[in-house]
Structure formats: structure tokens, C-alpha cells
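Structure record follows, encoded as C-alpha cells.
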Amino acid sequence: MKRYNPTEIEAKWQKYWEDNGTYTVNLADNSKPKYYGLSMLPGITGAGIHTGHGRTFQFSDIKTRAKRQQGCNAYNPIGWDSFGLPVENYAIKVGKKPREAHDEALVNFKRQLKRLGYGYDWTKELSTADPQYYRWTQWIFNKLFEHGLAYQKESPQWWCETDQTVLANEQVEGGKCWRCGNQVTKKNLKQWFFKITEYADEMLAATDDLNWTEMVKTMQKNWIGRSVGAEVEFKIDGSDDILTVFTTRPDTLFGATFVVLAPEHELVKSLVNNETSEAVEAYVADAARKSEIERMNESREKTGVFTGSYAINPVNGNRIPIWVADYVLSGYGTGAIMAVPAHDERDFAFAEKFNLPIIEVIEKPETNREIGVYDGEGPLVNSGRFDGIDSSDAREQIVAWLEQEKTGHQKTSYKMRDWLISRQRYWGAPIPIIHCPTHGAVPVPDDQLPVLLPDVDDFKPKGGATSALAGVTDWVNTTCPICGEASKRETDTLDGYACSSWYFLRYLDPFNDKQPWNPDIINHWMPVDFYNGADHAVAHLLYARFWTRFFYKLGLVPNPEPFGRMMYNAYILAPDGTKMSKSKGNTIDPLEIMDSGYGADSLRVYEMFIAPYDLEAPWDTRGVPGAYRFLNRVWNLVQEYVEASSGRLSDKSNEILVTAHRLAKKVTEDIENDKFNTAISSMMEAVNNYYKLKVANPIAKDDTWTYAIESLLMVLSPFAPHITEELWRQIGHEDTIHIDHWPKWNDEFMTTDIMTIVVQVNGKLRAKLEVEKTTNPEDIKRLAIESDNVKKFVEGNQPKKIIYVPGKLVNVVV
RNA sequence: GCGCGGAUGGUGGAAUGGUAGACACGAGAGACUUAAAAUCUCUUGGGCGGAUAGCCCGUGCGGGUUCAAGUCCCGCUCUGCGCACCA
């Protein structure tokens with residue numbers, strides 16, 4: 001009898017799979033149904049992955065493996081998110097050039113992923129920093145530019161002083177840089193944007209129907225942040241200027257007692273007079289100096305100054321003061337609001353502090369009379385001819401009236417801003433633009449792509465709002481593609497997120513040098529059937545959706561949404577219950593565990609068994625040995641089968657078949673429903689069962705045990721691909737278990753002739769009955785009330801009711 | 001503050017409204033062994049009990065619906081995550 005030696009068999013089968021192209025997919029083969037499984041592109045930011053990452057990759061591996069075994073042409077590719085800030089920062093940290101640092105780090109990444117036995121098609125590996133890849137990223141930039149979705153604009157932008165670059169809104173988390181965690185400030189700069197807001201509405205509308213983890217859908221909806229309201233025009237008293245405000249509550253218009261502008265609002269300068277100008281200018285200058293985060297952290301104590309001017313409320317002609325305050329944000333709506341202190345908390349706080357009038361225009365419900373601010377619905381008061389109308393109806397009527405008077409209109413606003421994509425950093429795809437004195441920003445013609453990133457010795461950011469590329473004069477100096485005039489190249493590079501917004505399409509045609517992909521292949525393979533990750537719930541997924549929608553409009557992809565099922569999994573915590581991180585030194589290297597003799601399969605089984613996918617759970621160092629014990633039991637069980645004599649039939653084989661067929665069904669359904677932990681526990685249960693059953697029914701090479709052993713190996717295979725391949729061969733098969741081998745089950749085998757009926761009295765368990773499946777319900781009820789322990793609780797009373805749930809329980813109500 | 005989750009043994013967790021605690025870890029006992037490791041078998045929510053007879057209690061707290069509630073409804077507490085002066 002052979003002993004289970006993971007180290008030996010895992011190396012052997014990994015080599016076999018590679019040599020035989022077991023996971024190499026012919027993308028042109030349409031003879032089988034397709035299945036496209038993917039985990040988010042790994043970023044090369046350090047020397048490798050930890051067990052938390054490993055788990056993330058494994059989800060798509062298992063889904064894809066199961067489908068491959070079930071007869072699909074199943075594709076699980078791998079590649080590297082090589083461009084961008086994280087890689088460049090890593091390079092600075094290790095004191096090497098980005099390319100060099102990246103390539104060196106990649107060695108360990110690959111070693112880890114290969115040792116973990118993922119069923120990747122390594123022949124189609126890609127990297128976003130490969131010129132043959134970023135050539136097409138630049139091509140996509142050109143297409144966006146051509147369609148007016150890439151543009152340059154000067155505006156205040158998030159700026160990270162540490163990383164010396166601007167950041168997209170999605171990359172600022174709680175006022176801090178997503179990479180270095182330091183506070184960001186705003187800087188007025190001319191930058192490139194992608195017009196993602198163009199798709200805000202349709203992405204929002206499509207979100208509800210996505211088969212995605214609910215939390216991610218909610219986060220995306222909140223991020224898009226659609227608000228339907230109105231823009232209302234206020235005349236400025238004594239001036240021809242018009243002040244437009246945005247509000248979601250036009251029904252409260254009669255309650256507006258002042259107007260507030262953001263400090264950055266363009267009209268501020270023209271509204272001041274001799275007495276107020278000094279104070280207002282000081283206030284504006286102060287606000288500009290402070291970062292947004294400082295404003296936020298200052299305990300939300302309202303500050304502001306009066307401009308000296310007044311606005312006229314269009315509905316009632318009231319003359320109300322115009323203030324400047326930093327609680328109004330310049331980037332949202334019109335950067336100006338009408339303040340209704342009676343029905344908005346922030347306005348109320350401001351009014352209280354500066355003694356501004358408060359007028360109630362919505363009647364508070366009886367129960368809420370006490371509270372100061374009421375922001376709910378109710379009949380209008382103090383609102384002229386709209387009095388008595390419920391606020392929800394008044395909303396529309398007031399807007400209709402404004403539209404008629406041409407002093408306002410309905411308006412939808414979004415929190416989402418356009419995607420800022422220029423980075424003042426070296427390590428990225430150069431933005432393929434040439435600045436011509438005559439023609440302005442001119443895209444580099446498609447046939448001249450890629451614009452290669454030049455090799456430079458000093459790539460580090462110098463500050464001053466340009467990347468290191470600005471110093472490469474013979475690269476910067478070029479001629480205009482239109483007129484040939486001396487021009488300069490754009491020296492900003494593309495946000496790394498841009499590079500990773502379309503990789504799932506390139507995977508389907510990675511070597512195409514004529515076009516980014518062949519639409520015929522994409523039509524067959526898209527969308528991605530299963531996508532998962534533990535990060536990037538907003539930015540990456542929104543960007544990828546945006547681009548896919550754009551490609552859809554160009555007829556380049558068959559579906560506006562890139563990802564079918566998107567599963568957002570939780571991270572595994574370190575044994576101490578905190579987040580695993582390099583800096584804390586509490587990460588666990590999968591190589592270490594595998595090298596200690598447990599092998600990849602035990603690690604893989606534990607990673608799935610530890611908790612459901614969406615729950616954070618601390619790493620238990622005793623977990624892998626536990627999984628190893630289970631696999632060892634499988635191994636020993638199969639060894640008995642290998643050594644058993646053939647042809648003998650066990651006489652009482654029914655329970656073995658019940659166990660086997662139930663298991664096949666359960667694991668199939670669990671994998672389908674992403675319940676990987678219970679799939680494993682049911683396999684453990686079945687194996688425990690087989691150990692008991694083999695005492696009375698010794699393992700033999702009969703139909704019953706053959707089905708039990710083979711189906712066990714097949715359903716275990718996506719989780720533990722090496723041991724199952726080895727045992728599959730040992731029991732006599734010559735082909736790989738990983739293609740087209742999945743058990744069929746038969747519901748007829750899933751029940752025994754005897755069923756257990758639970759007997760309750762008033763809902764409490766009092767007895768159990770073992771009866772023949774064919775027993776009729778009346779007999780079961782009779783047996784139930786006659787059983788001794790039930791009699792004791794019924795105590796001669798006549799049962800009021802007897803409820804029988806067929807095949808399950810009897811509840812006697814007394 | 002708003003939004004979305006979560007709360008079950010010593011631990012990770014399981015449970016279409018129908019036997020709460022599957023499975024695993026840990027712990028304890030036994031078998032094998034000169035011994036240890038490995039392996040195999042059994043026990044393991046708390047309490048009463050000689051009992052693997054039976055009973056009582058038990059899924060964060062307080063109510064409710066139901067023949068029956070961890071599960072559904074209402075009101076709380078704590079906690080994780082996301083967003084956060086978005087008018």
C-alpha cells in the first residue's frame with residue numbers, strides 16, 4: 001500500500017498537465033459550451049502572494065475546473081497588472097528600475113501560482129506593461145478621444161504630495177491616497193479625463209439586474225449617486241447675474257431663507273461690496289489653503305461669511321441674503337444651494353449659528369412636533385397657492401411652475417465625476433497625444449502605436465506636476481501628425497486602472513497584432529461567466545463596465561456588461577484576527593506551508609473549508625493539518641479499492657449508493673451556488689460514512705464501490721486536483737480526471753426504505769419513529785400518539801390537532 | 001448621520017419556517033506500539049441523572065406572528081464594512 005506523499009505527486013502531475021496542455025484552451029473551438037472564469041488581475045506590488053490572495057484565485061479555479069469536468073470548454077487565464085503607481089512605488093522601495101523590479105518579483109509570483117496547481121492556461125499569459133498589450137490600451141484611448149469621451153480640462157484635482165501625482169476620485173479613500181495612505185490636497189491642474197459620467201444613468205439602471213454580490217452593487221449605486229431634483233434660478237438683486245442652485249427638494253422652495261455658494265464659486269467675486277470684500281476674500285483664500293479633508297475633520301462646525309448681496313426667490317419674490325460657506329461643495333450640482341433651515345439639518349445648523357430666519361413650509365406629523373428639523377414629507381404650509389398639497393406632489397407642481405416661468409427646470413445630478421486618467425508618473429502607458437501649436441492635442445495615429453515608454457535611468461517623480469518623461473527631450477520633441485510642425489508629446493501616463501479595464505477581452509485573443517481582439521471570438525466567449533476578487537468593489541469594476549459599454553456601442557463586444565456572476569469574497573485574516581499585511585509581518589506564504597510537506601491540495605482544501613466565501617475568518621495554523629488528515633483518509637480508502645479483488649458484489653450496498661449519489665448532487669449544487677465550505681464538509685461526511693460502511697461491506701471492485709470511489713474523486717477534483725488525478729490513474733484510468741469527468745446521480749438512490757419521523761408535542765421533540773416509506777399518514781399519526789413518551793405529555797387529553805409533514809415530522813398539539 | 005451585512009459551543013462554522021450545533025479544530029478516553037509519531041474507534045453546548053433512559057435550559061436583548069422561530073415581523077444593543085456637509 002502506497003503512502004500519500006503530496007510533494008511527489010504534485011510535482012509529477014503539474015509537469016504532466018503542462019506537458020500535455022491539459023488546461024490549454026482552443027478559443028476557436030465552439031464544439032462544447034464555453035465557460036469563462038476569472039479572478040481579478042493580480043498586481044505585482046511585492047515579492048508574492050499570501051494565503052489570503054491564494055484563496056481568492058482559488059474560487060475561479062474551482063468554478064472553472066468543475067465546468068471543465070462537466071463538459072465545458074472552460075478557460076481560466078492568468079496575467080499581470082504590471083503598469084501603474086503600485087509597481088513604480090515598489091521599484092523605488094527596492095531601488096531598481098520598474099521593469100527590472102517587476103520582472104524579478106514576477107518570478108516568485110509564478111512559482112507560487114504554479115505550485116498551487118491552478119488550472120491556468122499559461123500559454124496565454126499577458127502583462128499590461130507589454131508593448132503588444134499597451135499598444136491597444138492606447139488604441140482604446142484614441143477611440144475614446146475620437147468619440148469625445150477623452151478630454152482635457154483644468155480644474156482642482158486631488159493631489160498626492162507623497163506620490164507626486166494626481167488621483168482619480170475613486171482612488172481617494174477618506175481623504176487619503178489609496179496607495180500611500182497620506183492626506184491628499186487639491187491642486188488646480190490641466191488633466192486628461194474619460195467621460196464616465198456619460199454612462200452614469202445606464203450603468204445605474206443596469207446595476208440592479210446584475211448577478212453580483214449585493215454589497216458591491218449597493219456601493220456602485222451609491223458611488224454613481226443619482227439624485228433627481230431641480231435647478232432653480234435666483235435673480236441677484238441689483239445685478240443682471242443669475243444664480244443657479246441645485247436642490248432635490250423644490251417643494252421646500254418657499255422655505256428658502258438664504259443662499260449659499262461654495263468658496264470656489266465663480267460669482268463670489270462679483271457679489272462682494274466694499275464692506276464685505278475683505279472678509280470674503282480671506283475666507284475664500286483660507287478655504288483654498290485647507291485640504292478638503294481638513295474641512296471635513298473640523299467637527300463640521302459651520303463657518304461662512306455674508307457676501308453683502310441678495311437673491312430673489314422666484315416663487316415669492318423674497319429678498320434673501322447670499323452667503324459663502326465651505327459646507328457647500330463646488331464639484332457637485334451647481335456649487336450653490338438654496339438653504340431651507342426648517343427642513344435640512346445642515347442649513348439649520350448654519351441658520352442657528354448666524355441667526356438667519358427659519359420658515360417651516362412642511363407640516364410636521366403629530367409625533368415629530370418636538371424635533372427641530374423635519375426632512376420628511378407632509379402637506380405644504382406658508383407656500384402660497386401650494387398650501388395643503390403633499391410635498392411629494394408639490395415637488396412636481398413647483399418644478400412645472402418654474403419651467404413655465406422659465407426660472408428653473410428638472411435636473412438630475414450625480415455624485416460620480418469624470419475619471420481622471422493622467423498620472424505624473426513614469427511607469428505607465430504613455431498617453432498617445434501630441435501637442436501641436438496649431439492643432440492642439442492630436443492623437444498619435446493608430447498605425448504609429450504603440451507610443452513606447454522610453455527607458456530612463458531616473459524615473460522617480462520630481463514634482464512640479466510632470467512625470468520623468470518630461471526630461472527625455474528627444475522623446476518629447478516630435479512633429480505634428482497633421483501638419484508636421486514641431487510639437488511635444490504628452491508626458492503624463494495613463495492611470496494603471498485604465499490598463500486593467502479591458503484585459504479580460506485581450507485574454508480571448510492575446511496575440512492579435514491587427515486589432516485589440518477578433519469580435520468573432522469575443523462574441524462567443526463574452527461575458528465572463530464568473531468573476532471574483534476581494535478588492536476594487538468600486539473603481540475597477542465601474543471602469544471595466546464603462547469601457548465595455550463603450551465597446552458595445554462600437555459593436556466590438558456582444559454585451560454591455562462584462563461580468564455575469566461577480567462574487568466579492570472576503571479576505572482571510574491573520575491568525576491574530578487582524579488584516580494580513582506585509583508591513584505587519586503577519587502574512588502566511590503558501591510556499592512555506594506547501595514546502596513543509598502538506599502540499600498544495602491540503603492548503604487548497606483548507607482555504608475553502610475555513611469559512612463561507614463572504615466571511616472574514618482568521619487563519620488557523622491547525623487548519624491545513626486537518627485538511628491533510630481528510631485527504632489522507634481519502635487516499636487510504638482508495639488504496640483499499642486499488643488492492644481489492646474484482647467482481648464481488650456486496651450484498652447490502654444500498655447505503656453506499658445513497659451516500660454516493662447524495663454527495664454527487666450536493667457538491668454539484670454547492671459549487672454552483674458558491675458554497676465551497678459545505679461542499680467540503682459533505683465530502684468529509686461521505687468519507688466518514690464509507691469508513692463505517694466498509695466494515696460490513698468490504699471495499700471491492702464492484703459497481704457500488706466503483707461508483708462511490710470514482711464519484712468521490714471527481715467531485716473532490718476541483719478542490720484537490722493533484723491527489724485526485726493520482727488516485728484516478730491508480731484505479732485504472734488512462735486519461736486525466738480533469739476533462740469531462742463528473743458524476744451523474746440518480747434521485748432514486750437517494751432515499752432508503754426506512755424513514756425517520758420526528759414526533760413533537762407542541763413543537764418540542766419527544767420521540768422518533770422509524771417507519772417504512774410506504775406507511776400511510778394515518779398510521780404514522782397513530783403510531784406517533786401511541787409512543788410512550790408522547791403519551792406522557794398528552795396525559796390523556798384529546799389532541800387538538802395533529803400536523804403531519806410528509807416524510808419529516810408529526811406535531812401533536814394539545 | 002446614511003447604506004449593506006453580521007451576532008449560534010472552548011474555536012472556525014452548519015441548518016428550503018420543521019430533530020439547533022453538521023463538518024472541522026481543540027480537548028478527553030481507548031486500540032495498535034517496547035515507546036513516540038502516524039493511524040483507527042469512541043466521547044465532547046450547559047445543568048439534573050448511574051445511564052449511550054428521560055427531563056430542564058440554550059442561537060446578542062425585549063416583544064410579536066405561527067401547530068412549530070436561529071430562520072419571518074416590530075423595537076433595541078453591540079459589531080464589521082462601505083459612503084460621508086452630494087443639498
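Each chain gets a letter, A, B and so on, in the order its sequence line appears, and its residues count up from 1.
Distances were taken from every side-chain heavy atom of A/Ala617 (C-beta onward) to each of B/U19, B/A22, B/G13; the shortest belongs to B/G13. Listed nucleotides: B/A87, B/C23, B/C67. Nearest to the side chain of A/Lys801: B/C67. In this structure, the nucleotide among B/C25, B/C23, B/C85 sitting nearest to the side chain of A/Phe609 is B/C23. Of the listed nucleotides (B/C23, B/G13, B/C4), B/C4 has the atom at the smallest distance from the side chain of A/Thr218. In this structure, of B/C57, B/C23, B/A87, it is B/C23 that holds the atom nearest to the side chain of A/Asn688. When the nucleotides B/G18, B/A87, B/U41 are ranked by their closest atom to the side chain of A/Tyr691, B/U41 comes out on top. Side chain of A/Ile803, nearest nucleotide from B/C25, B/G18, B/C55: B/G18. Distances were taken from every side-chain heavy atom of A/Val813 (C-beta onward) to each of B/C85, B/C56, B/C67; the shortest belongs to B/C67. Proximity note for A/Leu765 (side chain, C-beta onward) versus B/G13, B/U19, B/C23: the nearest is B/U19. Considering only side-chain atoms of A/Arg622, the nucleotide from B/G26, B/C23, B/G18 that sits closest is B/G26.
Taking the ring centroids of A/Tyr497 and A/Trp419, they lie at or beyond the 6.0 Å cut-off. Residues A/Tyr606 and A/Trp619 bring their aromatic ring centres within 6.0 Å. Taking the six-membered ring where the residue is Trp, the centroids of A/Phe676 and A/Tyr613 are separated by 6.0 Å or more.
Going from atom OH of A/Tyr690 over to atom P of B/C40 covers 17 Å, rounded to whole Å. Rounded to whole angstrom, the span from the CD atom of A/Glu616 across to the C1' atom of B/C81 amounts to 8 Å. The distance between atom CH2 of A/Trp619 and atom C1' of B/G26, rounded to the nearest whole Å, is 17 Å. Regarding A/Ile224, its CD1 atom lies at a distance of 14 Å from the C1' atom of B/C83, rounded to whole Å. Rounding to whole angstrom units, CG of residue A/Leu615 and P of B/C81 are separated by 13 Å. Remark: P of B/A53 and NZ of A/Lys768 are 12 Å apart, rounded to the nearest angstrom. Computed from coordinates, the A/Ile572 CD1 to B/G12 C1' distance equals 10 Å when rounded to whole Å. For the pair A/Ile610 CD1 and B/G26 P, the computed distance is 14 Å after rounding to whole Å.
The side chain of A/Arg3 places no N or O atom within less than 4.0 Å of a non-bridging phosphate oxygen (OP1 or OP2) of B/A38. OP1 or OP2 of B/A14 has at least one side-chain nitrogen or oxygen of A/Asn677 nearer than 4.0 Å. Contact check, A/Lys764 against B/C57: a side-chain N or O comes under 4.0 Å of OP1 or OP2. Phosphate proximity of B/A87 to A/Tyr332: present, with a side-chain N or O under 4.0 Å from OP1 or OP2. Listed pair A/Arg766 / B/C55 meets the phosphate criterion, a side-chain N or O lying under 4.0 Å from OP1 or OP2.
Among the protein residues, A/Pro618 comes within range of no part of the nucleic acid, since none of its heavy atoms lies under 4.0 Å from any strand. Within the nucleic acid shown, A/Gly626 comes within 4.0 Å of sugar-phosphate atoms alone, with no base atom in reach, counting heavy atoms only. Residue-level contact check: A/Asn789 touches the backbone only, with heavy atoms under 4.0 Å from sugar-phosphate atoms and none from bases. Among the atoms of the strands shown, none is found under 4.0 Å from any heavy atom of A/Tyr568. Residue-level contact check: A/Ser227 touches the backbone only, with heavy atoms under 4.0 Å from sugar-phosphate atoms and none from bases. In this structure, A/Lys692 reaches the sugar-phosphate backbone alone: every heavy-atom distance under 4.0 Å involves primed, P, OP1 or OP2 atoms, never a base. Backbone-only contact: A/Lys675 has heavy atoms under 4.0 Å from sugar-phosphate atoms and none from a base. The residue A/Glu214 sits apart from the nucleic acid: no heavy atom pair falls under 4.0 Å.
Using a 4.0 Å cut-off between charged nitrogen and carboxylate oxygen, A/Lys792 and A/Asp788 do not count as a salt-bridge pair.
Rounded to whole Å, the separation between the P atoms of B/G30 and B/A36 comes to 12 Å. B/U41 sits 24 Å from B/G46 when the P atoms are compared, rounded to a whole Å. A distance of about 22 Å separates the P atoms of B/C72 and B/A22, rounded to the whole Å.
The aromatic rings of A/His536 and A/His540 sit perpendicular to each other, their planes meeting at more than 60°, with 30° as the lower class boundary.
Although no hydrogens or angles enter the test, the distance criterion places no donor-acceptor pair under 3.5 Å between the side chain of A/Thr659 and the main chain of A/Ala686.
For the residue pair A/Ser596 and A/Ile593, the shortest heavy atom distance occurs at OG-O, 2.7 Å.
Side-chain N/O atoms of A/Asn811 and base N/O atoms of B/C67 include a donor-acceptor pair closer than 3.5 Å. A donor and an acceptor atom never sit less than 3.5 Å apart when one is taken from the side chain of A/Lys800 and the other from the base of B/C67. Donor-acceptor pairing under 3.5 Å, judged by distance alone, is present between the side chain of A/Lys808 and the base of B/U16.
A distance of 13.0 Å separates NZ of A/Lys217 from CG of A/Leu541, quoted to the nearest 0.5 Å.
For B/G9, the O4'-C1' to base torsion is within 90° of 0; the nucleotide is therefore syn.
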